[in-house]
Amino acid sequence: LKLLPDVVNERLNDLIVLALLPETVLQGEFVTVIEMGPFKHRVDEGLESRKAAYEVLQTLIENHFDPIAPELQVKIAERVVAGLKDEIYIRTTCCRLVTHLPLPFLE
């Protein structure tokens with residue numbers, strides 16, 4: 001996407017965003033808790049999928065945010081805010097995403 005920005009048109013942006021937004025949600029069935037004595041370790045099998053979804057969103061926001069439908073822009077902003085409460089890998093990506101969101105979404 002970064003190398004061929006002209007290939008991605010408005011409609012394709014919207015379709016990509018619609019496909020990615022559900023992938024950014026933490027899915028309970030992918031999280032298991034392993035007990036090790038008195039400690040509990042949480043294993044998130046869906047983390048890599050969420051990381052990839054947020055990274056694609058980052059590419060779209062950095063390069064193609066204006067052609068994305070306004071209602072999808074709002075949903076993206078909501079998922080970015082939700083990602084700030086996720087695992088550290090997701091939080092760092094969302095912190096970078098916040099810097100690329102237009103100012104009305106940050107108010």
Side-chain angles (χ1 to χ4, degrees):
L1 289 175
K2 287 183 180 181
L3 298 176
L4 299 170
D6 297 334
V7 173
V8 181
N9 62 25
E10 293 178 22
R11 184 69 182 134
L12 187 55
N13 277 345
D14 292 348
L15 292 174
I16 292 171
V17 170
L18 284 172
L20 285 176
L21 287 178
E23 297 300 318
T24 61
V25 178
L26 177 64
Q27 311 252 341
E29 64 264 13
F30 293 124
V31 178
T32 56
V33 177
I34 301 171
E35 293 187 27
M36 295 183 222
F39 305 103
K40 292 183 181 181
H41 177 68
R42 196 176 88 130
V43 178
D44 185 358
E45 299 293 333
L47 180 61
E48 292 299 320
S49 174
R50 286 197 321 279
K51 277 175 39 177
Y54 275 109
E55 288 171 2
V56 173
L57 280 178
Q58 180 181 359
T59 301
L60 287 174
I61 288 173
E62 288 175 355
N63 299 306
H64 308 285
F65 195 70
D66 292 334
I68 296 174
E71 61 274 3
L72 290 178
Q73 291 179 7
V74 172
K75 290 181 181 182
I76 290 172
E78 290 171 353
R79 291 310 312 150
V80 168
V81 171
L84 293 171
K85 300 173 191 165
D86 206 326
E87 298 284 334
I88 187 69
Y89 307 106
I90 306 295
R91 278 188 296 216
T92 55
T93 302
C94 287
C95 285
R96 288 192 305 264
L97 285 170
V98 166
T99 63
H100 292 287
L101 288 175
L103 289 177
F105 293 106
L106 301 178
E107 295 176 352

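Every value quoted in this text rests on a predicted model; they were computed, and no experiment measured them.
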With the threshold set at 4.0 Å, does a side-chain nitrogen-carboxylate oxygen contact exist between Glu55 and Arg50?
-> no
Got a salt bridge between Arg91 and Asp86, using NZ or NE/NH1/NH2 to carboxylate O under 4.0 Å?
-> no
Closest heavy-atom contact between Gln27 and Pro22?
-> NE2-O, 3.7 Å
Closest approach of Cys94 to Gly83 (non-hydrogen atoms, all atoms of both residues) = SG-CA, 3.6 Å
Hydrophobic clustering (ILVMFWY, side-chain heavy atoms < 4.5 Å, transitive) - are [Y] and [X] grouped together?
X: Leu84; Y: Leu21; result: yes
X: Ile34; Y: Phe39; result: no
X: Val80; Y: Leu18; result: yes

Just do the side-chain contact (heavy atoms from CB on, under 4.5 Å) check on Val81 and Arg79 with the steps written out, would you?
-> CA-CA 5 Å; Val81 171; Arg79 291 310 312 150; over 6 Å; no
For side-chain contact (heavy atoms from CB on, under 4.5 Å), just list the numbers for Leu26 and Asp44, CA-CA rounded to whole Å, side-chain angles, deciding distance to a tenth of an Å, and then say yes or no.
-> CA-CA 9 Å; Leu26 177 64; Asp44 185 358; 3.5 Å; yes
[atom1]-[atom2] distance between [X] and [Y], expressed to the nearest 0.5 angstrom:
X: Leu57; Y: His100; atom1: CG; atom2: NE2; result: 13.0 Å
X: Leu20; Y: Leu72; atom1: CG; atom2: CG; result: 11.0 Å
X: Thr32; Y: Lys40; atom1: OG1; atom2: NZ; result: 13.0 Å
X: Thr92; Y: Tyr54; atom1: OG1; atom2: OH; result: 11.5 Å
X: Gln58; Y: Ile61; atom1: CD; atom2: CD1; result: 8.0 Å

Taking it one step at a time, do Arg42 and Glu87 satisfy side-chain contact (heavy atoms from CB on, under 4.5 Å)?
-> CA-CA 11 Å; Arg42 196 176 88 130; Glu87 298 284 334; 2.5 Å; yes
Would you please test Val31 and Glu45 for side-chain contact (heavy atoms from CB on, under 4.5 Å) and show each step?
-> CA-CA 6 Å; Val31 178; Glu45 299 293 333; over 6 Å; no
Report yes if the side chains of Lys51 and Ile90 come closer than 4.5 Å at any heavy-atom pair, otherwise no.
-> yes
